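Reviewing the structure listed below.
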Amino acid sequence: MTLKEIALKYKYSIGLILLFVLIENVSFIIEPTFFGKLLDSLIDHFYDHEKVDYIYPLVIWIIVYLINVVGGTLHRLFNGIIYSKMYANIAIEVVLDSKCREDQFSKMLVRAELVKEYITFFKERLPEVMWQLSATAGAIIALFFYDYRIALVCLTVIIPIAYINNLNRTNVTILQKDIHDNQEELFHLIESRDTSKITQFYKSTITPKTKIAKWNAFGYSTVKILLIVIFIAVLFICVDVDKFTTGKIYSIVAYLWTFIASTDYLPELMESLASVKDLNVRFSTEERT
């Protein structure tokens with residue numbers, strides 16, 4: 001069973017969870033704008049510069065915040081309910097399919113364990129993909145309304161970030177294949193009951209995992225260094241703060257940190273995508289044989 005087949009079979013359940021994820025993400029993205037307006041209203045009110053009513057922006061901000069809470073709560077609730085059932089059903093299908101091909105019992109168990117990577121992708125990585133896209137796009141769009149120069153800097157930095165992460169994904173895909181090959185060989189070793197070979201097997205898993213860690217570290221550090229460009233640019237742009245109120249400065253900083261924080265998921269996301277890609281090839285090839 002491939003990722004596409006699982007997505008089509010459980011499209012309504014997955015779609016429901018992603019709807020809650022989208023609600024959570026969108027409300028989180030727009031919240032700094034409303035909080036910034038609330039901040040300006042409170043400052044104007046308490047310093048008596050203007051007779052400003054702060055109740056309306058306060059109510060709006062509370063509503064947006066509660067929408068974020070509701071979306072996040074339902075997302076986490078249905079995550080546990082739906083994906084636990086999905087894993088059980090898919091694992092059973094894999095075991096029964098393996099039994100029809102008269103695979104040995106230990107191999108059935110290994111294949112059932114590999115299914116966990118599909119569930120991990122849907123449960124953890126897919127929401128992270130949505131967060132990555134919504135946070136990046138949302139932050140850049142919002143920054144255009146405050147200062148187009150900051151938004152253009154963020155757009156420029158995206159290009160090398162995308163290249164680095166694609167390079168990371170390509171190399172990790174090869175290493176993930178080695179890890180899965182080793183996992184599928186495990187059943188032979190268990191049946192042989194040769195402890196020396198089993199010991200050698202577990203030692204052999206160290207090398208590809210270490211290389212993946214190195215690629216993840218490379219991607220993370222390179223992206224973070226590139227983000228210094230944004231900090232320096234914003235530093236010089238925001239020196240001229242005459243046109244920025246306190247609330248607007250808060251909103252700009254919040255959107256900037258949202259953009260930067262969204263890149264933290266990239267190394268693990270690339271690793272998971274590489275793993276799922278190899279599983280798709282592996283299961284598809286086996287179904288044709």
Side-chain angles (χ1 to χ4, degrees), residues 21-69 71-72 127-165 219-267 269:
V21 171
L22 186 62
I23 292 172
E24 180 185 9
N25 289 349
V26 171
S27 57
F28 182 86
I29 292 298
I30 65 175
E31 185 268 341
T33 294
F34 292 99
F35 190 80
K37 292 180 178 179
L38 172 61
L39 192 60
D40 284 336
S41 297
L42 288 171
I43 291 172
D44 289 337
H45 176 80
F46 285 110
Y47 282 88
D48 204 28
H49 293 161
E50 298 178 30
K51 299 296 183 181
V52 178
D53 180 14
Y54 62 88
I55 300 299
Y56 177 72
L58 176 61
V59 171
I60 295 296
W61 172 73
I62 291 175
I63 291 172
V64 173
Y65 183 85
L66 290 177
I67 291 173
N68 174 261
V69 172
E128 289 174 4
V129 170
M130 289 193 67
W131 164 246
Q132 174 74 34
L133 294 175
S134 60
T136 302
I140 291 175
I141 291 171
L143 286 170
F144 265 111
F145 287 97
Y146 292 99
D147 194 303
Y148 74 93
R149 293 171 295 177
I150 300 175
L152 288 176
V153 172
C154 292
L155 275 174
T156 303
V157 171
I158 284 178
I159 298 173
I161 288 177
Y163 173 78
I164 291 168
N165 281 284
Y220 176 85
S221 60
T222 307
V223 168
K224 289 301 180 184
I225 290 172
L226 281 171
L227 292 176
I228 294 177
V229 175
I230 296 178
F231 283 114
I232 295 174
V234 172
L235 179 64
F236 282 98
I237 290 171
C238 287
V239 167
D240 179 20
V241 296
D242 293 339
K243 62 180 178 179
F244 293 138
T245 63
T246 303
K248 286 184 177 180
I249 292 174
Y250 164 81
S251 299
I252 290 172
V253 172
Y255 283 122
L256 188 61
W257 276 112
T258 297
F259 176 81
I260 292 169
S262 68
T263 63
D264 290 342
Y265 295 97
L266 289 174
L269 183 58

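Owing to the predicted nature of the structure, the values given are computational and were not obtained by experimental measurement.
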Spatial distance of atom CZ (Phe34) from atom CG (Leu38) [nearest 0.5 Å]: 11.5 Å
To check you understand the geometry: which heavy-atom pair defines the closest contact between Thr156 and Pro160, and what is its length? O-CD, 3.2 Å
Just jot down the side-chain contact (heavy atoms from CB on, under 4.5 Å) partners of Ile55, sequence neighbours excluded, or say none. Asp53, Val59
Please enumerate all residues that pass side-chain contact (heavy atoms from CB on, under 4.5 Å) together with Ile141, with sequence neighbours excluded. Phe145
Shortest non-hydrogen contact between Ser251 and Pro32, atoms and distance: OG-O, 2.9 Å
Thr136: which residues meet the side-chain contact (heavy atoms from CB on, under 4.5 Å) condition with it, sequence neighbours left out? Gln132, Ile140, Ile158, Phe259, Ser262
List the atom of Tyr255, the atom of Ala139, and the distance in Å for their closest heavy-atom pair. O-CB, 3.5 Å
Contacts of type ring-ring contact (aromatic ring centres under 6.0 Å, His included), residue Phe28, not counting sequence neighbours: Trp131
Sequence neighbours excluded, which residues qualify as side-chain contact (heavy atoms from CB on, under 4.5 Å) partners of Leu133? Val129
Separation between OG1 of Thr33 and CD1 of Ile60, rounded to the nearest 0.5 Å: 13.0 Å
Checking Tyr65 now: which residues fulfil ring-ring contact (aromatic ring centres under 6.0 Å, His included) with it, not counting sequence neighbours? Trp61
Please identify which of these residues, Val26, Val64, Ile67, Asn68, meets the side-chain contact (heavy atoms from CB on, under 4.5 Å) condition with Glu31. Val64
d(Leu58 CG, Ile63 CD1) to nearest 0.5 Å is 10.0 Å
